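What follows is a set of notes on a single structure, which appears directly below.
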Amino acid sequence: MNTTRTAASVSALILAAGAALGLAAPAAQGAPVAAASSAATASVRFTDIPGSGGVTLKGNVFTPAGYDGSQHYPVIVLPSSWGINDLEYLAQAGSLADSGYVVVSYTPRGFWLSGGEIDVAGPKDVADASAVIDWTLANTPADPARIGMAGVSYGAGISLLSAAHDKRIRAVTALSGWADLVASIFSGRTQHLQSAALLGGSAYLTGRPSAEFQQVLADFLGPVYDNEDELTAWGKLRSPATYLDEINRGGAAVMLANSWGDSIFPPNTYADFYDRLTVPKRLEFRPGDHATSEATGLLGLPNDVWTDAHRWFDHYLKGAPNGIDTQAPVQLESRNGSDGYEGYSAWSAVPTATRELRFGGTRTIATNIDSGADGGVIFLTSLLDQIAQAPPVVSVPLLPRAVAAVWQTGGYATAQRIRGTVKLSTTVTPSAAEGTFIAYLYDVDALGTGKLITHAPYTFTGRSPGTSFGVDLELFSTAYDVPAGHRLALVIDTVDPLYIEHNPAFSSLALTSPEVSVPVSER
């Protein structure tokens, strides 16, 4: 592993984490009261809320206008995102209150002015969510039979986990969250360097990491394979997918939404989790990066994600016949298409066919040199793709073959509408016992310019040098339209700034006869 590069990268990311997340300390919990002006007719108050174990959580409560002490309203509880406090949802809380909800937002333990230490969506955070519901039922005109939870990122994870443990919750919208924490930040047994460093750095800037979290972060960014079983167990405890049966038995209606380019919680785990849910459910994927699809809604601007979240609650907490339950439950927007949203009956029904790409030959590449094929930079890259349809680009003919294995198809006569999860199978012969490679799929035009469609990392340990082994790897799920006349290119190299690589000095990898299964929609 290139420890010098890794340590330098971690230090730089930690210093930049606060700015990257747009964090700025308020002078006091209620200082930006003007932000509540979006709730022109609802009342708002800032308050302390007792969490579990004697911890005090900072929060705010919106009550619909016209409350005279006799009504009861459906309630929505909003845990704030990682590194942000309960002021995050002022615009949405005001809007929900104006439409007849009691809305309670709170800052999870360990962040900002809330007490305790950061538990990373652990058992204490789940207990806090139930304590907030208890307090809400005792101190607001909330209807105990109509309780919902929602959140972005950290708040999404806490909301899903709470639905597994508190059966009073009847509806959830989880936006830019995760289903499997381990598969999200350790996919392909590879540490996601930039996302882990950003989360860790922002935790130190805005909160009080527990000793457990500090140790987990140090182990994850360092000798991860020495403690892999313990770290996996820690992550599974904090993964909604672990509690799938409990969520299904609880019956809460679950809406999941994420972005194709989410660089912290890639869409794959939501997709897999969605198809295994048996409750009323909805899945939405759009272009963008982590929480960028929801961002304008947090500012009170029109936003598709929040519009659908409101409709979800209106139907499942108020019984409104708004049609969201009869619409195709899987809604996808292509990263570079222009046809708007596509509806499907299930995630498994998204691709109608596959293109099986079978490449021959063996490519041997040296390690520890970046070929120029990269997944980009956390937040920036996928945000550019969302706004300007500008994914990472390389010149495929100019990629140095000594450090990048390249295979290409011929040109396609018709457009290829890639929808779903691309899968790679190949044989690897390493010169060392451990190593890392990253697989990329590109859309290549007539000039050889390749636009990144998807990618994924893979790390192996404990292998016998010189002995071949098979690899099956899922790349990150996507929706991308390859124009007619373009080709597909598979590129494999061993260095990407998004990840920690584990290639010993002077090692090499031989990759033989890769096969790529590309899901497409032909409708």
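Any value given below was found using the heavy atoms of this structure, including those in side chains, with hydrogens, waters and symmetry copies removed. For this chain, numbers begin at 1 and follow the sequence in order. Since the model is a prediction, treat every value here as computed from it, not as a measurement.
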Could you report the tightest heavy-atom contact between I49 and G59, atom names first, then the distance?
CD1-CA, 4.2 Å
Measure the shortest side-chain to side-chain distance between Y106 and P79 over non-hydrogen atoms and say whether it is less than 4.5 angstrom.
yes
For A121 and I158, which heavy atoms make the closest approach, and how far apart are they?
CB-CG1, 4.1 Å
Distance in Å, L283 CG paired with Q331 CD, rounded so as to fall on 0.5 Å steps
9.5 Å
Spell out, as yes or no, whether a donor-acceptor pair under 3.5 Å connects the side chain of E474 to the backbone of T421.
no
Closest approach of N60 and D86, non-hydrogen atoms and distance?
ND2-OD2, 2.7 Å
Just grab all the side chain to side chain donor-acceptor pair (under 3.5 Å) pairs involving residues 143-161, residues at least two apart or on different chains.
D125-Y154, D143-R146, S153-H290
Just by modelled atom types, is the A320 backbone N or O under 3.5 Å from a matching donor or acceptor in the H315 side chain?
yes
Carboxylate-amine/guanidinium proximity below 4.0 Å for D314 and R311:
no
Evaluate Y67 against V102 for side-chain contact (heavy atoms from CB on, under 4.5 Å), listing each step before the verdict.
CA-CA 10 Å; Y67 172 61; V102 169; over 6 Å; no
Non-hydrogen side-chain atoms of V172 and L160 separated by less than 4.5 Å
yes
Less than 6.0 angstrom from the centroid, inside 45 degrees of the normal: does K281 satisfy that with respect to the ring of F273?
no
Measure from the side-chain N and O atoms of N139 to the backbone N and O of W135, and report whether any donor-acceptor pair falls under 3.5 Å.
yes
I'd like to check H455 versus F476 (side-chain heavy atoms, cut-off strictly below 4.5 Å). Are they in contact?
yes
With no hydrogens and no angle check, is any side-chain donor or acceptor of R335 less than 3.5 Å from a backbone partner on S382?
no
side-chain hydrogen bond (donor to acceptor under 3.5 Å, both in side chains) with D304: which residues, sequence neighbours excluded?
Y341
Working for side-chain contact (heavy atoms from CB on, under 4.5 Å), residues H192 and L199:
CA-CA 11 Å; H192 293 212; L199 291 171; over 6 Å; no
Electrostatic pair E212:R238 at N-O distance under 4.0 angstrom
yes
For R189, give me all partners under salt bridge (Lys or Arg N to Asp or Glu O under 4.0 Å), at least two apart in sequence or on another chain.
E228
Listed by chain and number, what are the side-chain hydrogen bond (donor to acceptor under 3.5 Å, both in side chains) partners of Y274, not counting sequence neighbours?
none
Look up atom CG in L244 and atom CG in D180, then write down how far apart they are to the nearest 0.5 Å.
11.5 Å
Show your reasoning for whether side-chain contact (heavy atoms from CB on, under 4.5 Å) applies to L113 and T107.
CA-CA 8 Å; L113 299 179; T107 306; over 6 Å; no
For a quick test of reading the model, state the closest non-hydrogen atom pair linking A439 to L473 and the distance between them.
CB-CD2, 4.3 Å
Taking the six-membered ring for Trp, are W82 and F213 closer than 6.0 Å centroid to centroid?
yes
Should Y480 and W260 count as side-chain neighbours, where that means a heavy-atom distance under 4.5 Å?
no
Does K423, at its NZ atom, have more than 12 non-hydrogen atoms belonging to other residues, nucleotides or ligands within less than 6.0 Å?
no
Do Q191 and F220 come within less than 4.5 Å of each other through their side chains, counting heavy atoms only?
yes
Taking Y270 for the side chain and G177 for the main chain, is one N or O donor matched with an acceptor at less than 3.5 Å?
yes
Please tell me whether S80 and N85 have a donor and an acceptor in their side chains that are separated by less than 3.5 angstrom.
no
Side chains of E333 and F285: closer than 4.5 Å at any heavy-atom pair?
no
Sequence neighbours excluded, which residues qualify as salt bridge (Lys or Arg N to Asp or Glu O under 4.0 Å) partners of D262?
none
Donor-acceptor check, side chain of S187 to backbone of S184, threshold 3.5 angstrom: yes or no?
no
Under 3.5 Å donor-acceptor, S114 side chain and G110 backbone
no
Does a donor on one side chain sit under 3.5 Å from an acceptor on the other, for R109 and S52?
yes
Is it the case that D496 and Y440 place a side-chain donor and acceptor less than 3.5 Å from each other?
yes
Of all heavy-atom pairs between D275 and A346, which one has the smallest distance, and what is that distance?
OD1-CB, 3.9 Å
CH2 of W312 to OG1 of T173, rounded to nearest 0.5 Å, is 10.0 Å
Between CH2 on residue W347 and CG on residue D272, distance to nearest 0.5 Å
8.5 Å
Indicate yes or no for a side-chain donor-acceptor contact from N268 to the backbone of S477 under 3.5 Å, with no hydrogens or angles considered.
yes
Taking the basic N atoms (NZ, or NE/NH1/NH2) and the acidic carboxylate oxygens, is any pair closer than 4.0 Å for D308 and R286?
yes
Determine whether P519 and V422 make a side-chain contact, defined as any pair of heavy atoms from C-beta on separated by less than 4.5 Å.
yes
What's the separation between atom CZ in R276 and atom CG in D245, rounded to the nearest 0.5 Å?
8.5 Å
ring-ring contact (aromatic ring centres under 6.0 Å, His included) partner of Y458, the single match among F437, F186, Y499:
F437
If only side-chain N and O atoms count, and only distance matters, is there a donor-acceptor pair under 3.5 Å linking E294 with S176?
yes
In short, L161 meets S239 closest at the heavy-atom pair CD2-C, 3.9 Å
Among residues at least two apart in sequence or on other chains, which ones pass salt bridge (Lys or Arg N to Asp or Glu O under 4.0 Å) with D48?
K58
Is a donor on one side and an acceptor on the other found under 3.5 Å between the side chain of T436 and the backbone of H502?
yes
Can you measure from CG (L78) to CD (E88) and round to the nearest 0.5 angstrom?
8.5 Å
For the backbone of L231 and the side chain of D219, can you confirm whether one donor and one acceptor N or O come within less than 3.5 Å of each other?
no
Do T63 and T140 pass the side-chain contact (heavy atoms from CB on, under 4.5 Å) test, and can you show the C-alpha distance, the side-chain angles, and the key distance before you say yes or no?
CA-CA 8 Å; T63 304; T140 74; 5.5 Å; no
Got H165 and E246 here, is their nearest side-chain heavy-atom distance under 4.5 Å?
no
Should the pair H310 and W306 be assigned to parallel (<30°), tilted (30 to 60°) or perpendicular (>60°) ring geometry?
perpendicular
